[in-house]
Amino acid sequence: MAFGLSGVSRLGLCTSSPRRSSRAPCCRPDVAVLGQAAVVPPGAARRGLWALLLLCSVSIYGSHAPLLALCKVDGAIPFSSSAAVVLTELTKLLLSLLFLLTWDRRPLGAALSWRHVAPFALSALLYAANNNLVVHMQLFMDPSTFQILGNLKIASTALLYSLFLRRRLHVRQWLALCLLLAAGLSYSCGGLWDPRGSGSAPATRLHVTPVGLLLVAVYCLISGLSAVYTEAILKTQALPLSLQNLFLYCFGVLVNLVGHFWSGTDRAFLEGFSSWVLVIVLSQALNGLIMSVVMKHSSNITRLFVISCSILVNALLSVALFDLQLTPLFFIAVLCIGLAVHLYYGVT
């Protein structure tokens with residue numbers, strides 16, 4: 001991964017005091033915390049743990065699509081995707097409760113109220129709406145077009161991050177985010193090639209309807225808004241992260257359960273589940289907890305870099321498992337990601 005251990009502190013860990021003098025070095029604008037700075041003590045062990053979390057998240061993001069492909073039976077997903085989401089949220093909830101009882105057992109007393117709990121309901125609703133949009137958008141465009149246009153959520157997240165959290169990004173940082181967007185578009189347009197399908201069926205024609213374009217715009221808006229809103233809540237509340245996750249995933253389980261039964265699926269809840277599906281559920285739950293750490297102690301910008309770097313893992317696994325071949329567009333994407341990391345974080 002291009003970040004490197006030497007640049008870990010630049011990826012969101014602010015090591016200076018929250019009340020620093022004018023002579024003290026300033027933290028980067030993308031890692032300042034709303035209300036109260038999240039100060040992480042310096043040290044090789046702390047930086048190593050942070051790098052390990054980021055590498056783990058990159059690996060999970062990149063392995064998601066290959067794992068889904070391994071779950072397919074006769075080219076189709078044999079299980080209910082909404083049931084998998086419910087199980088993922090439930091796993092996050094149980095892990096958050098475990099972490100809270102194990103590491104964050106400090107008493108909260110009367111400081112805890114519904115004002116701390118209620119904001120997470122909106123986060124759960126936004127995430128659930130986004131997950132449902134992904135399904136409905138497939139009716140108005142082909143999967144390749146969705147994969148290409150879905151990269152626009154990088155731009156929407158960066159704009160909402162700068163606007164609502166009042167984080168001023170420099171021109172160099174905006175250029176880095178544009179390079180991330182270019183990397184995603186390049187990879188989506190054909191970073192991988194299946195030689196087995198070259199001489200059989202013609203390529204699927206790209207198409208999108210006006211309704212599809214509208215849904216893409218709404219999807220990108222909600223995707224950025226849910227991420228930025230959740231980051232704001234996590235940073236403004238002086239509560240343990242495990243407790244905040246507990247609130248968020250309680251609502252997440254309830255909202256997604258309602259969505260699952262509302263969809264009227266004719267499958268049994270656990271029908272079609274295999275060991276690979278359980279691996280997906282557990283890995284996605286773990287990644288959700290890692291992303292909450294990233295948003296609490298770093299920013300959504302770091303999250304965008306993690307997601308973009310995951311295409312490297314996705315490509316390597318696709319080549320190893322499915323005999324796909326890399327195309328020049330993949331190497332263009334890699335180059336864009338490397339330049340973006342250098343421009344934004346100053347990694348040399």
Side-chain angles (χ1 to χ4, degrees), residues 58 60-69 72 75 77 81 127 129-161 174-198 201-227 300-301 303-319 322 324-341 344:
V58 168
I60 294 174
Y61 270 119
S63 62
H64 181 63
L67 285 175
L68 277 178
K72 289 184 178 180
I77 297 295
S81 58
Y127 283 124
N130 219 40
N131 291 334
N132 282 278
L133 268 176
V134 171
V135 177
H136 291 293
M137 285 165 58
Q138 310 294 326
L139 302 175
F140 303 97
M141 66 188 74
D142 65 281
S144 298
T145 300
F146 165 70
Q147 187 178 17
I148 293 171
L149 296 179
N151 288 287
L152 295 175
K153 65 184 179 182
I154 296 177
S156 65
T157 302
L159 288 171
L160 291 171
Y161 172 83
W174 281 114
L175 179 58
L177 293 173
C178 289
L179 285 171
L180 278 191
L181 178 58
L185 292 173
S186 178
Y187 185 73
S188 299
C189 286
L192 294 172
W193 173 60
D194 187 358
R196 295 167 297 181
S198 58
T204 303
R205 183 176 64 87
L206 299 180
H207 71 276
V208 58
T209 66
V211 175
L213 290 175
L214 177 62
L215 290 178
V216 167
V218 175
Y219 164 76
C220 293
L221 177 64
I222 295 179
S223 177
L225 184 60
S226 59
N300 268 292
I301 301 300
R303 172 178 160 271
L304 292 179
F305 274 90
V306 167
I307 295 174
S308 296
C309 287
S310 69
I311 68 175
L312 309 179
V313 176
N314 177 270
L316 294 177
L317 288 177
S318 298
V319 170
F322 310 115
L324 301 183
Q325 294 182 4
L326 303 178
T327 72
L329 288 175
F330 168 77
F331 296 101
I332 292 175
V334 173
L335 178 61
C336 288
I337 292 173
L339 289 175
V341 171
Y344 199 93

Under 3.5 Å, side chain of [X] to main-chain N/O of [Y], donor-acceptor pair present?
X	Y	answer
Ser318	Asn314	yes
Ser223	Cys220	no
Thr327	Gly190	yes

Subject >> Asn151 and Ser188: side chain donor to acceptor below 3.5 Å >> reply: yes
Given side chains that start at C-beta, do those of [X] and [Y] come closer than 4.5 Å, heavy atoms only?
X	Y	answer
Lys72	Ile77	yes
Val134	Asn130	no
Leu177	Ile301	yes
Leu213	Leu149	yes

Measure across [X] and [Y] and return the closest heavy-atom pair with its distance rounded to 0.1 Å.
X	Y	value
Leu215	Met137	CB-CG, 3.6 Å
Phe322	Ala69	CZ-CB, 3.6 Å
Ala315	Leu326	CB-CD2, 4.0 Å
Ser310	Tyr61	CB-CB, 3.4 Å
Thr157	Gly224	OG1-CA, 3.4 Å
Ser63	Val313	N-CG1, 4.3 Å

Nearest 0.5 Å, please: how far is [atom2] in [Y] from [atom1] in [X]?
X	Y	atom1	atom2	answer
Phe140	Thr209	CZ	OG1	6.0 Å
Leu175	Leu339	CG	CG	8.5 Å
Tyr219	Leu152	OH	CG	10.0 Å
Ile154	Ile307	CD1	CD1	7.5 Å
Phe331	Leu329	CZ	CG	10.5 Å
Leu159	Leu225	CG	CG	12.5 Å

**OP:** Evaluate the side-chain contact (heavy atoms from CB on, under 4.5 Å) criterion for residues Leu179 and Ile337: first the C-alpha distance (whole Å), next the side-chain angles of each, then the deciding distance (0.1 Å), finally the verdict.
**Re:** CA-CA 7 Å; Leu179 285 171; Ile337 292 173; over 6 Å; no
Original post:
Going through the checks in order, is the side-chain contact (heavy atoms from CB on, under 4.5 Å) test met by Leu221 and Ser156?
Top reply: CA-CA 6 Å; Leu221 177 64; Ser156 65; 5.8 Å; no
**OP:** Take Met141 and Val216 through the test side-chain contact (heavy atoms from CB on, under 4.5 Å) and record every step on the way to the result.
**Re:** CA-CA 10 Å; Met141 66 188 74; Val216 167; 3.4 Å; yes
Original post:
Can you list the steps and then say if Asn300 with Leu304 is a side-chain contact (heavy atoms from CB on, under 4.5 Å)?
Top reply: CA-CA 6 Å; Asn300 268 292; Leu304 292 179; 5.5 Å; no
